[in-house]
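Here's a structure for you.
Values below: every heavy atom of this structure, side chains too, minus hydrogens, waters and symmetry copies.
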Amino acid sequence: MQAIKRRDFLHGALATVGAIGLRDPIWALANAPNAVGALPLLLGADYYPDQTPESLWEEDARMMADFGITNVRIAEFAWGLMEPSEGKFDFGWLRRSVEILHKHNIAVILGTPSAAPPPWLTAKYPDVVEVNAHGEPLHPGGRRFTCPTNKTYRKLSLAIATEMARTFAETPGVIGWQIDNEFTLSDSPRCYCNFCRAGFQEWARQKYGSLEKLNRAWGTAFWSQTYTDFAQIPVPLPSGGDPNPGLALDYNRYQSYANVSFLDEQWTMLRKVCPQHFVTTNNVGLIDYINERDLYAKLDFVAFDNYPGFFKMLMEQQANSEAGSWDAILTMIAMSHDLGRSLKDGKPFVIMEEQSGKAGQRTFSPQPEKGQLRLWTYQAVAHGAMGVNYFRWDTATSGAEEYWHGILQHDRSPSPGFDEMRQTLKELKALGRDVLESQYVADAAVIFDYDSSWAVPIQPGHFRLSYLPQVTAWYGTLSPSHTGIDVIVPGADLSPYKIVVAPLPYVVSQAQADRIRTFVKNGGTFVAGFRLGAKNEFSQIVRTPLPGLLRDVMGVTVEDYVPIYSGKPGVTFSGALAGPDGTCGIWADILQPSSAEVLATYTNFSHAGKAAITRNSFGKGKAVYVGADLDPTSLARLLRSLAASAGVQTPLEVPPGVEMTVRQAGGKRWMFLMNNKPDAQTVKLAKPGTDLLTGRARSESIELSGYGVQVLQLG
Ligand code: GLA
Ligand code: ZN
């Protein structure tokens with residue numbers, strides 16, 4: 001019997017539950033905290049009663065209820081108020097705030113406050129601060145400046161979280177928890193203190209079991225670094241020469257683990273003390289400091305933060321104007337959403353912080369144009385979000401984020417986007433749980449590999465080579481085909497996909513190689529970028545001709561690998577890919593086909609005539625090696641044609657600047673159409689549908705106003 005796929009299982013489960021009329025929210029299904037009663041759709045805001053005079057709380061709650069807010073996230077930065085001195089807890093203010101919110105039928109997500117400790121704590125325990133990559137201790141005064149390993153800080157963080165949990169476990173209105181705040185976002189994402197050093201040594205002992213195995217895995221004979229005691233192992237601080245790549249990669253893994261286990265302590269406690277509440281944490285998706293698959297593994301759903309306008313300003317600040325185009329920005333955002341959904345195998349996620357106005361700290365982005373706040377909210381839902389909380393209800397009048405504008409302005413008057421956001425929440429409620437918790441349709445996947453993302457900066461080979469831009473370029477060239485793309489991390493099941501692409505797959509473990517081999521053998525199309533499998537999982541160079549573990553699958557040998565600092569070799573396509581010539585950017589793997597066919601060769605290059613792109617038939621599938629750092633146009637033509645020949649179909653051709661996604665559940669399909677451009681666009685429909693926002697039937701075509709959105713129920 002054909003093995004049932006996870007997505008089909010979830011579909012099936014939903015349909016069954018739907019059919020018998022019992023309808024818990026989807027996040028209650030998989031991890032099943034014993035939910036009490038139906039919980040609201042998560043359509044709300046981030047609220048700061050800790051920063052607001054109590055005299056305004058009643059008015060806030062009344063205005064928020066009128067605005068259509070179903071829930072608020074509060075208290076994630078209120079440690080000092082909840083524990084004014086060590087062991088002295090004061091939850092009176094928070095209880096009163098939750099009561100007022102509950103009275104207005106607004107549910108509460110409580111945040112545990114370990115992202116910003118109060119001054120009394122750092123004064124009494126100064127060594128909880130992080131030590132940065134230069135060996136300098138960070139200082140209190142900002143946030144996210146503490147060491148993830150430090151036992152004292154863990155104990156104190158768990159103590160306040162436990163007190164909160166015990167206090168609010170049965171409190172009406174409290175529905176869930178956000179642990180800490182944005183583990184992945186810090187000016188200094190790695191700690192190099194002595195506690196981390198000892199933690200790393202113990203982690204390495206657990207992982208390798210013996211010094212003999214560790215020394216062999218890292219190849220420590222080089223530069224006489226053989227360890228004769230685990231206590232000799234350093235952390236990669238400045239040392240007159242580059243660190244051992246094996247040690248440096250493992251240190252990234254350790255720091256990721258240290259943060260995940262920090263979260264785990266609070267999760268374990270919350271599961272025990274508040275079994276009926278959901279638990280999550282919020283992050284900015286595409287930042288790779290922590291393996292987010294590990295971070296969200298036990299949590300009920302993924303929660304990401306989304307600030308397109310702020311993000312655009314950051315890109316422009318890097319004076320790289322091209323990267324600042326809305327299309328480029330919204331493609332990155334779409335990719336982040338797709339990662340958020342894929343981290344838990346297609347499970348709908350939540351945007352815990354959505355931009356609501358001008359955004360920034362020292363510098364800030366302008367007020368989004370009319371329609372953009374609604375558009376960005378729908379983009380998240382179109383990519384699989386089941387809930388959106390706007391950041392933030394009011395705008396802070398003190399602190400580092402006075403210019404991060406909220407739904408209410410500094411003078412508490414409605415912000416320019418007030419009506420637009422209220423209308424958007426109203427519409428999302430009308431769409432309802434069926435649509436918001438439906439499945440996202442994706443036949444293609446892009447691999448986002450933390451190990452390669454960590455190993456590339458240690459030894460990039462070319463000073464301009466970095467991992468995320470490569471992944472974004474590949475995702476960005478595939479996404480306009482609107483076929484639906486999952487952004488998966490190694491370890492994810494490949495069988496649901498027709499085509500899987502892996503940009504810059506620098507580190508390939510045996511397990512990954514085996515999964516890819518099986519995927520291709522069973523009929524999948526695997527497309528790999530340059531530097532495939534150059535490193536094994538210990539970040540040693542493989543001792544066999546490249547691409548090492550996947551030589552048989554790819555049907556080629558890498559004759560040479562060339563970082564390109566001057567000149568731009570050409571790439572001429574042939575056979576199935578015949579078409580306009582392309583160019584090769586900063587890297588060229590020179591391919592020697594064994595069983596593979598040549599799809600393109602290099603020109604005006606010392607390796608002119610040699611294979612640049614090959615395709616191998618392996619089992620029932622295809623394996624394509626893209627040895628050249630292709631220009632975006634050629635890369636797009638290549639990946640889209642490979643996707644088409646792998647059987648991936650574009651549900652609908654849409655004009656440039658229009659984004660289209662499909663979600664489905666219980667045999668129903670919903671198409672989201674979003675116009676990322678300020679001018680109106682017309683979309684020719686392939687099938688008739690019903691416009692869910694107006695109820696009107698649609699057949700021929702639809703007009704999308706500037707930044708306009710339509711949701712069509714197909715069929
Ligand atoms: C992040 C944080 C919030 C706040 C907002 C706005 O995403 O989680 O605490 O800082 O950005 O800056
Ligand atoms: Zn540390």
Inset, instruction - Evaluate the ring planes of Tyr467 and Phe448, with Trp represented by its six-membered ring, and classify them as parallel (under 30°), tilted (30 to 60°) or perpendicular (over 60°). - result: perpendicular
Legend entry - Any donor-acceptor N/O pair, Gln470 side chain to Asp629 backbone, under 3.5 Å: no
Inset, instruction - Apply side-chain contact (heavy atoms from CB on, under 4.5 Å) to Ile541 and list each qualifying residue two or more places apart in sequence or on a separate chain. - result: Lys535
Inset, instruction - Output the distance between atom CG (Leu249) and atom OG (Ser453), rounded to the nearest 0.5 Å. - result: 10.5 Å
Legend entry - Lys344 side chain to Ala297 backbone, donor-acceptor under 3.5 Å: yes
Inset, instruction - Spell out, as yes or no, whether a donor-acceptor pair under 3.5 Å connects the side chain of Asp443 to the backbone of Val648. - result: no
Please table the atom pairs, donor to acceptor, closer than 3.5 Å between any side-chain atom in residues 586-594 and protein atoms at least two apart or in another chain.
residue, atom, partner, partner atom, Å
Trp587, NE1, Asp589, OD1, 2.8
Asp589, OD2, Arg531, N, 2.7
Asp589, OD2, Tyr625, OH, 2.7
Ser594, OG, Gly555, O, 2.7

Legend entry - Distance in Å, Ser452 OG paired with Leu468 CG, rounded so as to fall on 0.5 Å steps: 12.5 Å
Inset, instruction - Can you label the angle between the Phe200 ring and the Trp218 ring as parallel, tilted or perpendicular, going by 30° and 60°? - result: parallel
Legend entry - Test item: Gln540 side-chain N/O and Ala217 main-chain N/O as donor-acceptor pair under 3.5 Å: yes
Inset, instruction - Check for a donor-acceptor pair, side chain of Trp454 on one end and backbone N or O of Asp288 on the other, with a separation under 3.5 Å. - result: yes
Legend entry - Identified side-chain contact (heavy atoms from CB on, under 4.5 Å) counterpart of Ile499 within the set Ile485, Leu639, Thr525, Leu478: Thr525
Legend entry - Donor-acceptor side-chain pairing of Tyr289 and Asn259 below 3.5 angstrom: no
Legend entry - Met554 side chain near Thr614 side chain, heavy-atom distance below 4.5 Å: no
Legend entry - Side chain to side chain, Tyr707 and Pro368, heavy atoms closer than 4.5 Å: no
Under 3.5 Å, sequence neighbours excluded: what are the donor-acceptor pairs made by side chains of residues 542-553?
residue, atom, partner, partner atom, Å
Arg551, NE, Thr557, OG1, 3.2
Asp552, OD1, Arg517, NH2, 3.1
Asp552, OD2, Arg517, NE, 3.0
Asp552, OD2, Arg517, NH2, 3.4

Inset, instruction - Can you label the angle between the Phe538 ring and the Tyr208 ring as parallel, tilted or perpendicular, going by 30° and 60°? - result: tilted
Legend entry - Test item: Asp631 side-chain N/O and Thr633 main-chain N/O as donor-acceptor pair under 3.5 Å: yes
Inset, instruction - Check the side chains of Thr281 and Asp180 for a donor-acceptor pair under 3.5 angstrom, ignoring hydrogens and angles. - result: no
Inset, instruction - First locate atom OH of Tyr254, then atom SG of Cys196, and finally report the distance between them rounded to the nearest 0.5 Å. - result: 5.0 Å
Legend entry - Within the 6.0 Å centroid threshold, strictly below: Tyr497 and Phe519: no
Legend entry - Expected output: side-chain Gln459 to main-chain Pro245 donor-acceptor under 3.5 Å: no
Inset, instruction - Starting at CD1 of Ile290, measure out to CD of Gln255 and round the result to the nearest 0.5 Å. - result: 9.0 Å
Legend entry - Evaluation steps, side-chain contact (heavy atoms from CB on, under 4.5 Å), between Leu286 and Thr472: CA-CA 10 Å; Leu286 289 174; Thr472 312; 5.5 Å; no
Legend entry - Residues Thr601 and Lys610: side-chain donor-acceptor under 3.5 angstrom: no
Legend entry - Short side-chain donor-acceptor distance under 3.5 Å, Asp294 and Tyr450: no
Inset, instruction - Using only heavy-atom distances, determine whether the side chains of Gln510 and Asp514 contain a donor-acceptor pair under 3.5 Å. - result: yes
Inset, instruction - State, yes or no, whether a side-chain contact exists between Pro348 and Phe301 at a heavy-atom distance under 4.5 Å. - result: no
Legend entry - Side-chain heavy-atom pair Thr280, Val350 within 4.5 angstrom cut-off: no
Legend entry - Exam field: side chain His337 to backbone Gly384, donor-acceptor pair closer than 3.5 Å: no
Legend entry - Under 3.5 Å: donor-acceptor pair, side chain of Asp486, backbone of Ala442: no
Inset, instruction - Give the intermediate values and the outcome of ring-ring contact (aromatic ring centres under 6.0 Å, His included) for residues Phe672 and His383. - result: CA-CA 9 Å; Phe672 289 77; His383 282 265; 9.1 Å; no
Legend entry - Tyr307 and Glu353: side chain donor to acceptor below 3.5 Å: yes
Inset, instruction - Could you check whether the rings of Phe304 and Phe349 sit parallel, tilted or perpendicular, using 30° and 60° as the cut-offs? - result: tilted
Inset, instruction - List the steps, then state whether side-chain contact (heavy atoms from CB on, under 4.5 Å) holds for Asn616 with Val520. - result: CA-CA 10 Å; Asn616 190 42; Val520 178; over 6 Å; no
Inset, instruction - Determine, step by step, whether Thr184 and Asn283 satisfy the side-chain hydrogen bond (donor to acceptor under 3.5 Å, both in side chains) criterion, reporting the C-alpha distance in whole Å, the side-chain angles of both residues, the deciding distance to 0.1 Å, and the verdict. - result: CA-CA 6 Å; Thr184 58; Asn283 272 297; 2.9 Å; yes
Inset, instruction - Flag the pair Asp345 and Arg293 as a salt bridge only when some basic side-chain nitrogen lies within less than 4.0 angstrom of an acidic carboxylate oxygen. - result: yes
Legend entry - Nearest-0.5 Å distance, CZ of residue Phe311 to CG of residue Asn306: 9.5 Å
Inset, instruction - Check the side chains of Ser325 and Asp327 for a donor-acceptor pair under 3.5 angstrom, ignoring hydrogens and angles. - result: no
Legend entry - Thr650 side-chain N/O to Glu653 backbone N/O, donor-acceptor pair under 3.5 Å: no
